[in-house]
Colleague: 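One structure, as structure tokens, below. Some questions next.
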Amino acid sequence: MNGIEKLWGVKDVAEYLGIPVQTLYRWRCQGYGPRGRRMGKHVRYIPDDVREWVASLRDEVA
């Protein structure tokens, strides 16, 4: 491979975060969660965006 990481689908992100896919969809509707991009009928995520979003949660109270 050429060193470029592939985009993640909803299942990939849900697995990475350890949450159900439906939670990710609900967050998306509420404007919460990592930024996804619509590509036709699919939503794709840049892995670094997901990691940055998780890192930003360190300052929030769980």
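As a basis for the values below, the full set of heavy atoms in this structure was taken, side chains included, without hydrogen atoms, waters or symmetry mates.
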Colleague: Quick one: sort the Trp53 and Tyr32 rings into parallel, tilted or perpendicular, breaks at 30° and 60°.
Modeller: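 Geometry flag for Tyr32 against Trp53: perpendicular rings.
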Colleague: Would Val54 and Arg51 satisfy side chain to side chain contact (heavy atoms under 4.5 Å, CB included), going step by step from the backbone distance to the final call?
Modeller: CA-CA 5 Å; Val54 170; Arg51 292 181 191 110; 5.7 Å; no
Colleague: Applying the 4.5 Å side-chain criterion to the ILVMFWY set and letting contacts propagate, would Ile46 and Val13 be lumped into a single cluster?
Modeller: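 Not linked; separate clusters.
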Colleague: According to salt bridge (Lys or Arg N to Asp or Glu O under 4.0 Å), does anything in residues 8-24 pair up with another residue at least two apart or in another chain? List the pairs.
Modeller: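 Qualifying pairs: none.
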Colleague: If hydrophobic clusters are built from ILVMFWY residues whose side chains come within less than 4.5 Å, do Leu24 and Met39 share one?
Modeller: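 No, Leu24 does not connect to Met39 through the hydrophobic network.
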Colleague: Provide the full list of salt bridge (Lys or Arg N to Asp or Glu O under 4.0 Å) pairs with a residue in residues 16-38, sequence neighbours left out, each pair given once.
Modeller: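 Sorted result for residues 16-38: Arg37-Asp49.
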Colleague: Does the pair Arg44/Glu5 count as a salt bridge with the N-to-O cut at 4.0 Å?
Modeller: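 A salt bridge is absent here (no side-chain N lies under 4.0 Å from a carboxylate O).
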Colleague: With sequence neighbours left out, what residues match Tyr16 under ring pair (Phe, Tyr, Trp, His ring centres under 6.0 Å)?
Modeller: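 Here the qualifying residues are Trp8.
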Colleague: Given the rule that I, L, V, M, F, W and Y join up when any side-chain heavy atoms are under 4.5 Å apart, are Val43 and Leu7 in one cluster?
Modeller: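 Result: no, two separate clusters.
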